[in-house]
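Beneath this line is the structure, given in structure tokens, with notes to follow.
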Protein chains: 2
Amino acid sequence: MNNLNIYTKKLRESGLRPTRQRLKICEVLFSPEKTFHFTIKDLTKIIEQKLSEKISLATVYNTVHAFKKKGYLKEISINSDKSYFDTNVTEHHHFFDEDTNELIDCGKNEIDSVNIKQNITGKKIKSVEVLVKVATDNQNQN
Amino acid sequence: MNNLNIYTKKLRESGLRPTRQRLKICEVLFSPEKTFHFTIKDLTKIIEQKLSEKISLATVYNTVHAFKKKGYLKEISINSDKSYFDTNVTEHHHFFDEDTNELIDCGKNEIDSVNIKQNITGKKIKSVEVLVKVATDNQNQN
DNA sequence: ACTTATATTAAAATAATTCTAAACTGTTGA
DNA sequence: TCAACAGTTTAGAATTATTTTAATATAAGT
């Protein structure tokens, strides 16, 4: 199966028609060998470089959210003014560098799996995320 | 030492003069026996009820951020459109109920302490936060 | 090709947060 | 005590991320 078919499949599975814009989004998100983190703005900029034309923010938002809902992207919880996404959807955690606002993957073996003994009545655990904030020594926390 | 003096001390230690508005903020934040979670809007509403007059959002933002910087408040990382704060500054973690957008403390003993083996060169760990997202069984993740 | 449902888009709307500049107040030192 | 100054409050404007809108364009099935 070639990439185009893979992208089309992912889009259809996410409830979206494959369009020129969405296929470009897929190409940026799913063709690199390495997973990566991005914000909507990052992604839009990269796509516009590849397309050599504008793409509407609304299209990027819609597509990213559909992929997230389907599980093809993960949203990372950072207290910040913007949302970060991750193309690595396997279970792993993150460092967040407060000096540079950069997200760094935490190797799977670098944090022992988190054991939660408490449970909330009637609720199911949807995700467990560990965020380790780091900064240079001389900086204030946050 | 009475409450007023405690509030004044906290404000001064945070680099702020004690003013009427800020003392009211302190009263809301630091007089309850139980710690609690809040958003800036929540806090503003409560203060206005106590003051029986308006308080500027800018004042609330400034004061909350100064307390956070000093360590008298914690900001909780949730991917959401708004910031959540916690008057409980001891080490603990959270559940986030995606159905109701509610934060729930995770008892200190309910999660084993997180052991991070990896370290980022030149950086120091500022905080480690575990966020457990929960929802009713029949809901999609996020 | 034709039709219809879905997409794309620019622009407007919304919402949280930050900034601004003018009016006000706490603090300090004479 | 009081003047002077530095810090504070405020309403409203500015900024930024995100969502909505409604008109135009495109994909897919017949």
Side-chain angles (χ1 to χ4, degrees), chain A residues 4-5 7-26 28 37-45 47-48 50-70 73 75-85 101 103 142, chain B residues 4-5 7-26 28 37-45 47-48 50-70 73 75-85 101 103 142:
Chain A
L4 203 80
N5 287 341
Y7 302 157
T8 298
K9 185 159 178 281
K10 288 202 180 205
L11 285 165
R12 291 228 182 274
E13 285 174 350
S14 305
L16 301 176
R17 285 183 180 171
T19 62
R20 182 168 47 92
Q21 291 87 340
R22 287 173 178 163
L23 288 167
K24 275 293 171 194
I25 294 174
C26 285
V28 171
H37 306 115
F38 64 91
T39 64
I40 296 289
K41 230 178 187 168
D42 295 338
L43 183 56
T44 304
K45 211 189 303 174
I47 289 162
E48 290 189 346
K50 293 219 165 199
L51 274 176
S52 296
E53 64 180 284
K54 289 234 165 292
I55 186 173
S56 166
L57 268 182
T59 301
V60 180
Y61 274 99
N62 288 342
T63 306
V64 164
H65 282 130
F67 281 147
K68 177 190 160 189
K69 191 167 176 186
K70 179 64 185 174
L73 290 176
E75 191 168 5
I76 312 298
S77 296
I78 294 171
N79 234 321
S80 174
D81 40 348
K82 66 188 88 160
S83 277
Y84 287 76
F85 293 88
N101 273 24
L103 259 182
N142 293 300
Chain B
L4 204 81
N5 287 339
Y7 302 157
T8 298
K9 186 161 178 279
K10 289 202 177 201
L11 284 166
R12 292 228 182 273
E13 286 174 352
S14 305
L16 300 176
R17 288 182 182 172
T19 61
R20 182 168 47 92
Q21 291 86 342
R22 287 174 178 162
L23 288 168
K24 275 293 170 193
I25 293 174
C26 286
V28 171
H37 306 116
F38 64 92
T39 64
I40 295 289
K41 230 178 188 170
D42 295 339
L43 183 55
T44 303
K45 211 189 302 174
I47 290 163
E48 290 190 344
K50 293 218 166 201
L51 274 176
S52 296
E53 64 182 282
K54 288 234 166 292
I55 187 172
S56 165
L57 267 181
T59 300
V60 181
Y61 273 99
N62 289 342
T63 306
V64 164
H65 282 129
F67 281 147
K68 176 190 161 188
K69 191 168 177 185
K70 179 64 186 173
L73 289 176
E75 191 168 4
I76 312 299
S77 296
I78 294 171
N79 234 320
S80 174
D81 40 349
K82 67 188 92 169
S83 278
Y84 287 75
F85 293 88
N101 272 26
L103 258 183
N142 294 300

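Per chain, numbering begins at 1; letters A, B, ... match sequence-line order.
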Does anything in residues 50-59 of chain A pair up under side-chain hydrogen bond (donor to acceptor under 3.5 Å, both in side chains), and if so which pairs, sequence neighbours excluded?
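The answer is A:R20-A:E53.
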
Tell me, do [X] and [Y] make a side-chain contact under 4.5 Å, heavy atoms counted?
| X | Y | answer |
| --- | --- | --- |
| A:L43 | A:Y61 | no |
| A:I25 | A:Y7 | no |
| A:C26 | A:F67 | yes |

Determine all donor-acceptor pairs shorter than 3.5 Å in which one atom belongs to a side chain in residues 11-19 of chain B; sequence neighbours excluded.
from, atom 1, to, atom 2, distance (Å)
B:E13, OE1, B:Y72, OH, 2.2
B:E13, OE2, B:K9, NZ, 3.2
B:S14, OG, B:K10, O, 2.7
B:T19, OG1, B:R22, N, 3.3

[atom1] of [X] to [atom2] of [Y]: how many Å apart, nearest 0.5 Å?
| X | Y | atom1 | atom2 | value |
| --- | --- | --- | --- | --- |
| A:N101 | A:D81 | CG | CG | 7.5 Å |
| A:T63 | A:I47 | OG1 | CD1 | 8.0 Å |
| B:F38 | B:T44 | CZ | OG1 | 9.5 Å |
| B:D42 | B:Y84 | CG | OH | 8.0 Å |

Span of DNA chain D, from the first to the last nucleotide whose atoms fall under 4.0 Å of chain A heavy atoms
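First and last nucleotides in contact are D:dA17 to D:dA28.
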
Would you call the rings of B:F85 and B:H65 parallel, tilted or perpendicular, taking 30° and 60° as the class edges?
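Perpendicular: the ring planes of B:F85 and B:H65 meet at over 60°.
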
Below 4.0 Å from chain B heavy atoms, what is the first contacting nucleotide of DNA chain C and what is the last?
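Range of nucleotides within reach of chain B: C:dA16 to C:dT27.
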
Any donor-acceptor pair under 3.5 Å from B:E75 side chain to A:N79 backbone:
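Pair absent, no side-chain N/O of B:E75 close to backbone of A:N79.
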
Given 3.5 Å as the limit, does a donor-acceptor pair link the side chain of B:E48 with the main chain of B:I55, or not?
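Present.
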
Nearest-nucleotide 5' precedence on DNA chain C, B:Y84 against B:R12
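So the residue in question is B:Y84.
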
Side chains of A:T8 and A:N5: any donor to acceptor distance under 3.5 Å?
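No pair is found: no donor N or O on one side chain lies under 3.5 Å from an acceptor on the other.
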
Identify whether any heavy atom of A:T39 sits under 4.0 Å from a base atom; if not, whether one sits that close to sugar-phosphate; answer base, sugar-phosphate or nothing.
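Result for A:T39 = nothing.
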
Within residues 15-22 of chain B, residues whose heavy atoms come under 4.0 Å of DNA chain C
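Residues of residues 15-22 of chain B under 4.0 Å from DNA chain C: B:R17, B:P18.
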
I need the residues from residues 50-60 of chain B with at least one non-hydrogen atom less than 4.0 Å from DNA chain D; give them sorted by number, or say none.
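Residues of residues 50-60 of chain B that come under 4.0 Å of DNA chain D are, in numerical order, B:K54, B:I55, B:S56, B:A58, B:T59.
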
